[in-house]
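Some notes on the structure that comes next.
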Amino acid sequence: MATDRPARNAVLERFEPLFNPRAIAVAGVSAKTISQGNTFIRNLREAGYQGAIYPIHPSESELEGLPAFPSLADTPTPVDYVFVAIGAEAVPALLRSGAGRVRIAQVMSSGFGANVGGRDLSRELTAAVQSAGMRLLGPNCMGTCSPRGRMNFIAGGVDAPGSVGVMSQSGGLSIDVLRHGRYRGMRFSGVVSLGNCLDLGPNDLLEYFLADPNTRVIGAYLEHVPDGRRFFEQLRAAQAAKPVVILKGGRSAQGQRAAASHTGSLASDDQIWRAMARQTGTVMVDTLEQFIDVLAAFETSEPLQVRPSARVVLFGNGGGASVLAADCMAQLGLEVSPLRPETVAALEQLGVPPGASLDNPIDVPANILQRERGGLARRILSTVGAHETPEAIVVHLNLPVILGYRHVDMLGDLMQAVIHVRSQMASRSRLLLVLRSTGQPEFEERRSECVCLAMQAGIPVFGQLSEAAHALAALHGHASFVQSRCQSTGTEIRSCPSYHTIGTATYAGQRSIA
Amino acid sequence: MQESPNDLARRLIDVARRDGRRSLDEAAAKQVLAAYGIDVPRSVRIPLEGPMPGALADLAAPYVLKIMSRDVLHKSDMGGVRLALADALAVSAARADMTNAAARADVRLDGFLVEEMAPAGHDIVIGAFRDASFGQTLMFGLGGIFVELLKDVSFRICPIQRVDACEMIAEVRSAPVLLGARGGVAVAEARLVDLLMLIGGPRGLLEDLADELAEVDLNPIIVSATGAVAADARFLLTERAGHGD
């Protein structure tokens, strides 16, 4: 890992033409139809890209309202980034024409695959970029989204730059991440589709995102890591300083190794990635939904100033949902334990009408929750915050029920209460919000507004309590890892805490994630 | 000057390779383990037939008799291991039986190994696998049905630190057995951690021999309150000596 300043700056400099290009060339632009190159330019403009755009075309002099050039050698200025969407056979020659004038090429074209013709073309492509002195992303990838460079490879423009950096070996999944991320109020530092990783790959993007001061959380969808050893060393050296969330595809397919020994027959891809996660504090997730949930949770989390305790206080109008949530949390090694007697006593002083359950899980029916325009909810949460320091408070609201109270803006009041409590708790406890709804259109608009409002206030929002539980377990696991490794750095540990809690139900290390 | 563990191991590996073998025989494997600080049973090689060597008298009964054969990977599966032999006479009789059985099964015998029996304790398994992408990986589990049927094992990527060793032990669901559950022997965790470090730690066996070892099975290592003895050891060599993936 680039830990010293000059090395870090070199890494950042290497990727500057990708995330903040001053001039972009585009190959695969058509005069007659809207091909991939045309779409790329339109998306670029929609994102508000400020730099020069040079369409490259053998014969056209103007494309998409811009002067076009016959080759990369003919552009008015050198090119930071070229996006290539022409037939595979023509790509090596195109890139050779840019020798010495192009920093990074991202090749969307496919046809460089595993068959014989594909392999030959791959070799030609690799030789072409090496001799032309440029780096390569792809081939067979979708592009890069860089909010600070005002670049996006999909329609819809870019949101404000943020702190989540994502790399993906699937172009389709990188699009999913952008779309789900926008819906969830996430803000990205960059989303990069890696494709076949002939040149730049997961190691390089990991190095970049670790060095990038704008990136606080790193996500990766990976199917095959060419240099797994180095990937492991990079993660280990990084010491979980930035949370890394990995969605690893193909663990079931690449299951067993051909092996002669017992050990060999048990050494599967799944086992090895889990080992890597435990040794480096990396978070492994199993689905796209979990990937987004966990990234959103880390995006809004701050380092806690207290030891991670795995204690959770639940608050909401749920009834059975609260009970099920407590079960789910327990399965993930999180404790929904009773409140302290003084907390319960203080809550009883608040004059909460009968019908509410004031121990953990705190369950308050909607008709009580609406009291005092959200004031009662605020007082309950503040009281809990004053007497307890759980690792997290999870507030869950049943939206269709709450939105049924039409004479007051109950949802708005509750959101303000939650945001206020969040600012009070800051670095002592986390606050997660679950806005439970059916997905029906009459609830969606308000829900989306609340999601964005919450994210801006540093509160991640989830659709189900089980999703919040899983994300919380990831946050807790990461914090525990950082804390336990800090303890043991530099000295041989004499006694292993985990050994002595073997068999106890709440041992965090035996959870199924990370 | 005394030979370093690395040099000793590589010398024995060279011998095996020149012999056209893809694995170390049990005696050589145990020499390597001993060089790296892991206790192995005291042992004596005895000839395929004829009188017992005088060195046998240096070992304490009861004895274990094992065949040594390049044709056999899993000795105990085909009657290649006899336990609790009371004296030299019993060893001799067992040797005759096993020689006949081997001949019937068309198995070539390279020799016989007599070992002292290890003190009673728990069987654990420590293994290694050289992954093409991640390099040497280390495995831990309890022996017998725990590893064979339940696959209750944990892995780490080498080199490991002590905290990794602690965690990989605790991760195994059957680990409470090692604490003395159900009235069995209680094993000190430091002993298990030490073992894992000797094999998978920064200056351990796997780091030294990373390019030579494809797969390793130490099954079982018998751990008791007083020590740990590797009762069996298998080292499978990589395809070509000294080359990477």
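Computation of the quantities below employed the complete heavy-atom set of this structure, encompassing side-chain atoms and omitting hydrogens, waters and symmetry-equivalent molecules.
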Task: Ion pair check, A/D270 and A/R274, cut-off under 4.0 Å - done: yes
Task: Residues of residues 138-148 of chain B contacting chain A, heavy-atom criterion under 4.5 Å, by residue number - done: B/M139, B/V147, B/E148
TODO: Please look at A/R230 and chain B and tell me whether the side chain, the backbone, both or neither of the residue comes under 4.5 angstrom of a heavy atom of that chain.
DONE: neither
Open item on the list: Could you go through B/L196 and B/I126, starting from their C-alpha distance and side-chain angles, then the distance that decides it, and tell me whether this counts as side-chain contact (heavy atoms from CB on, under 4.5 Å)?
Closed with: CA-CA 8 Å; B/L196 288 166; B/I126 295 180; 3.8 Å; yes
Open item on the list: Using heavy-atom distances under 4.5 Å, tell me whether B/V125 contacts chain A through its side chain, its backbone, both, or neither.
Closed with: neither
Open item on the list: Are more than 12 heavy atoms, taken from residues, nucleotides or ligands other than B/R11, located less than 6.0 Å from that residue's CZ atom?
Closed with: yes
- [ ] Heavy atoms only, distances under 4.5 angstrom: which of B/P159, B/S154, B/G135 has the most pairs with chain A? Name it, please.
- [x] B/P159
TODO: Check side chain to side chain donor-acceptor pair (under 3.5 Å) between A/R119 and all other residues, then give those that pass, not counting sequence neighbours.
DONE: none
Task: With B/R108 via salt bridge (charged side-chain N to carboxylate O under 4.0 Å, His left out) - residues at least two apart - done: B/D71
Task: A/K248 side chain to A/E223 backbone, donor-acceptor under 3.5 Å - done: yes
- [ ] Could you walk me through whether B/S224 and B/T226 pass side-chain hydrogen bond (donor to acceptor under 3.5 Å, both in side chains), step by step?
- [x] CA-CA 5 Å; B/S224 62; B/T226 51; 3.2 Å; yes
TODO: Tell me, for B/A214 versus chain A, whether the close heavy atoms (under 4.5 Å) come from the side chain, the backbone, both or neither.
DONE: neither
- [ ] Under the side chain to side chain donor-acceptor pair (under 3.5 Å) rule, collect the residues that match up with B/Q136, sequence neighbours excluded.
- [x] none
